[in-house]
Protein chains: 2
Amino acid sequence: MSDKIFVSAEEVARKAGVSRSAVSRAFTAGASIAPETRRKVMEAAEALGYHVNHLARGLMRNESGIVCLVVSDMGTPYRSALIKALTQQLQNAGKIAMIVNTDRSDERVDMALRQAIRYRADASIVLSGMPDKSLVDLCVRNGQRLVLINRDDEHQGPLRINLDDDDTAQSVVTAFLRAGCRRLAFANSEAGTPSLMTREAGFVAAARDQGLDVTVERFGPTGYESGKVLAQRLMTRRERPDAVFCVTDLVALGFMDAARHQFSLSIPEDLCVVGFDDIPQAAWSSYDLTTFSQPIEEIAAAAVAWLMSEDVGQSQSLRLNAPFVWRRSVRSA
Amino acid sequence: MSDKIFVSAEEVARKAGVSRSAVSRAFTAGASIAPETRRKVMEAAEALGYHVNHLARGLMRNESGIVCLVVSDMGTPYRSALIKALTQQLQNAGKIAMIVNTDRSDERVDMALRQAIRYRADASIVLSGMPDKSLVDLCVRNGQRLVLINRDDEHQGPLRINLDDDDTAQSVVTAFLRAGCRRLAFANSEAGTPSLMTREAGFVAAARDQGLDVTVERFGPTGYESGKVLAQRLMTRRERPDAVFCVTDLVALGFMDAARHQFSLSIPEDLCVVGFDDIPQAAWSSYDLTTFSQPIEEIAAAAVAWLMSEDVGQSQSLRLNAPFVWRRSVRSA
DNA sequence: CCCACCATTGCACGGCTTTGCAAACTTCTT
DNA sequence: AAGAAGTTTGCAAAGCCGTGCAATGGTGGG
């Protein structure tokens, strides 16, 4: 009863006294139609509450206007900021975002891509997890564009956007040394994501270059609570670290809270901390965390630009900079 | 070239040696088809990488499976948590979420709803802003379901989900009184959202019932930075408040940071603070904020349940409880 | 052995749009 | 005034799937 069907172009055409095609053309940018006719159509459409059916349009044009965002942990500050930037920029480009939540279970990423295919999404952007190679091939084969953000790997075809972490490890080690720290630690999660593992390896290597060992600890998921646990583990060691690089801001903040409130340490006097991501909370005055700023807007811009570009080109890889943000969680020289 | 078109049911049918309708039936739950035939179809489909075209299916069935989420400020902890819960539960119900970002400009909410109509979304869920009445009518008229979350107003037709704030103001006043506070303040933003204004009014009224005046201050958007500014304004008054109810956790955290670091106040000794939302950061040990917990999962569950239900029914209003969460930002008796 | 009945299957139409093509109409030139 | 050139417009096909209806094949009962 309430299921009054949507109004179709047919009805608008009748009301405006023109043909169905005229209605279609009135709503198609750059179509050949007389201004007067368009006006009549628009008037009738407005009166009837007509809206082009994008399902049917997508069917014809073979271009749905939908872009599928595949993501987990979207409650997290970094992720939600990225989603915000992406949706915004997609809209500006005339696309619309569809979200698939893949929390828990990696197999869900595959389901997500299948969903994207079913809705004939023009592109998919993967922010979490790693799709199966065969699925990636399937997407590419179907002419779907695919963007992998911070998913360091070597799939062919899609655009990969990663952070350039050549200098990050170096910067952190230098900062710690200048602050007079000698007992370095790295606080990691057990997620084992390539980007996180790379960060760890880079830091360990850079420290070794300076003749320093790094105590590495890993625990749980990549979040605030894990940071607290990591602090408990590292701060009860015989040789208590005086500087820690946390794999993520969220981990760093948990680490700081535990160090301060459970071990009564002062930051940066007793302990220097560096994080990664530059989430809003890192700038809060209780933390004032030195960190690396994820170029969120640039990432989103690059992704959108690529998937709007005419020529797909071959497998492309983009590396963006994550600038060092100096705050007060590290003693200055 | 790379635009190899998607594989259609036609091709699967040919490969499986059956008719196109058989393919359709193989993918339709409860359709009349022999198990053996279905197997053959599924096999061929898998081999070819066939996926039902939901655009076309939606066209036929007049049910796209899409639910449109209209939201602004999605980088915010509360909003992103709600989006996460909604996407999750929608997926469990076999729907998929489409997101329209309406940051800046209220007119965008209308554009969002139009977008929802164009994609023939089965429903729209509005988390921010207020759609125009005529637009709401249009949605309803088109048989689209509409859920308004925390958008206290009196539109007919859609489901409205609000928080039951009958006791919240009372609880806060009681807590402050027990803590021995007498100079109450309310820190609000200038957003002017009905739910925020109701919170303010409720608090002022409840305090008056106890014979107490409330100093109300309003500033900027509803966020951390505004909290800091509000603290600066309230803490430089002649009569410095000894208890403040902040309209939102984010505001409360900014308030606490400014109170501590700029005015060297101890919380809860010098100042009691209560927030609202119970975002993850409220539980962080630097803050330990007493607050009200938004029943996010329940909100999402209620929304999804309603839009999956058979009978739309008439305009329905739901009030959920936001339980008081005691932490250490208020002195205990 | 024939018929009624049931489970499957194929045909063809419907749902809504876009778009190539050819017809109709303007306008302007010569 | 007729023809050329250019605009507009309508027709009809195409894009992909779901489903009512009739036909098919098979089974069991009498």
Side-chain angles (χ1 to χ4, degrees), chain A residues 3-42 44-45 48-66 117-122 142-144, chain B residues 3-42 44-45 48-66 117-122 142-144:
Chain A
D3 276 41
K4 186 81 157 284
I5 223 61
F6 287 83
V7 26
S8 76
E10 179 72 44
E11 308 177 45
V12 177
R14 204 155 38 221
K15 171 141 188 161
V18 298
S19 77
R20 228 189 355 275
S21 359
V23 177
S24 174
R25 283 190 252 262
F27 284 94
T28 305
S32 165
I33 186 173
E36 171 60 14
T37 310
R38 164 168 273 148
R39 199 190 51 71
K40 276 194 302 187
V41 170
M42 287 311 197
L48 266 53
Y50 170 76
H51 290 253
V52 177
N53 186 334
H54 273 48
L55 270 46
R57 168 178 282 187
L59 201 54
M60 264 300 322
R61 292 216 185 136
N62 218 35
E63 184 180 354
S64 62
I66 297 173
I117 294 181
R118 282 196 276 266
Y119 278 97
R120 298 300 187 260
D122 297 338
N142 284 333
Q144 225 196 38
Chain B
D3 276 42
K4 187 81 157 284
I5 225 60
F6 286 84
V7 26
S8 77
E10 180 72 47
E11 306 176 48
V12 178
R14 206 155 38 222
K15 170 141 189 163
V18 298
S19 79
R20 227 203 50 250
S21 1
V23 176
S24 175
R25 283 190 249 265
F27 283 92
T28 305
S32 165
I33 186 173
E36 171 61 12
T37 311
R38 164 168 273 146
R39 199 190 51 71
K40 275 193 303 188
V41 170
M42 288 310 197
L48 265 52
Y50 170 75
H51 290 254
V52 177
N53 185 334
H54 272 48
L55 269 46
R57 170 177 280 188
L59 202 54
M60 265 296 327
R61 291 217 185 136
N62 217 35
E63 184 181 353
S64 63
I66 298 173
I117 293 181
R118 284 196 275 267
Y119 279 98
R120 298 300 188 259
D122 297 338
N142 284 334
Q144 223 195 42

Evaluate the criterion side-chain contact (heavy atoms from CB on, under 4.5 Å) for residue pair Arg118(B) and Asn53(A); output intermediate values, then yes/no.
CA-CA 5 Å; Arg118(B) 284 196 275 267; Asn53(A) 186 334; over 6 Å; no
Run the salt bridge (charged side-chain N to carboxylate O under 4.0 Å, His left out) check on Arg39(A) and Glu36(A) step by step: do they pass?
CA-CA 5 Å; Arg39(A) 199 190 51 71; Glu36(A) 171 60 14; 3.0 Å; yes
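In this structure, Ser8(A) reaches the sugar-phosphate backbone alone: every heavy-atom distance under 4.0 Å involves primed, P, OP1 or OP2 atoms, never a base. Tyr50(A) comes within contact range of the sugar-phosphate backbone alone, with a heavy-atom separation under 4.0 Å but no base atom that close.
Put simply, the side chain of Ser24(A) and the base of dC16(C) share no donor and acceptor less than 3.5 Å apart. Taking 3.5 Å as the limit, the base of dC11(C) and the side chain of Ser21(B) contain a donor-acceptor pair of atoms between them. Not a single donor-acceptor pair, N or O on each side, falls under 3.5 Å between the base of dG15(D) and the side chain of Arg120(A).
Between Tyr50(A) and Phe27(A), the distance separating the two ring centers is shorter than 6.0 angstrom.
Atom CZ of Arg20(B) and atom P of dT8(C) are 21 Å apart (whole Å). For Arg57(B) and dC16(C), the CZ to P distance is 18 Å, given to the nearest whole Å. Note: NZ (Lys40(A)) to P (dT8(D)) measures 13 Å, nearest angstrom. A straight line from OH of Tyr119(B) to P of dC16(C) spans 18 Å, rounded to a whole angstrom. To the nearest angstrom, P of dG20(C) lies 11 Å from CZ of Arg61(A). Between the CZ atom of Arg25(B) and the C1' atom of dT8(C) there is a distance of 8 Å, rounded to whole Å. We find that CZ of Phe6(B) is positioned 21 Å from P of dA14(D), with the value rounded to whole Å. dC16(C) atom P lies 16 Å from atom NE2 of His54(A), rounded to whole Å.
Within the 3.5 Å criterion, the main-chain N or O of Gly58(B) finds no donor-acceptor partner in the side chain of Ser64(B).
Under the 4.5 Å side-chain criterion, counting only non-hydrogen atoms from C-beta, Thr28(B) is in contact with Arg57(B).
When distances are taken from the side chain of Val52(B) to each of dT18(C), dC17(D), dT9(C), the shortest belongs to dC17(D). Comparing dT8(C), dG15(C), dT18(C) by their nearest atom to the side chain of Met60(A) picks out dT18(C).
Position along DNA chain C of the nearest nucleotide to Ala56(B) versus Gly17(B) favours Gly17(B) as the more 5'-ward residue. Map Leu59(B) and Thr28(B) each onto its nearest nucleotide of DNA chain D; the residue landing nearer the 5' end is Leu59(B).
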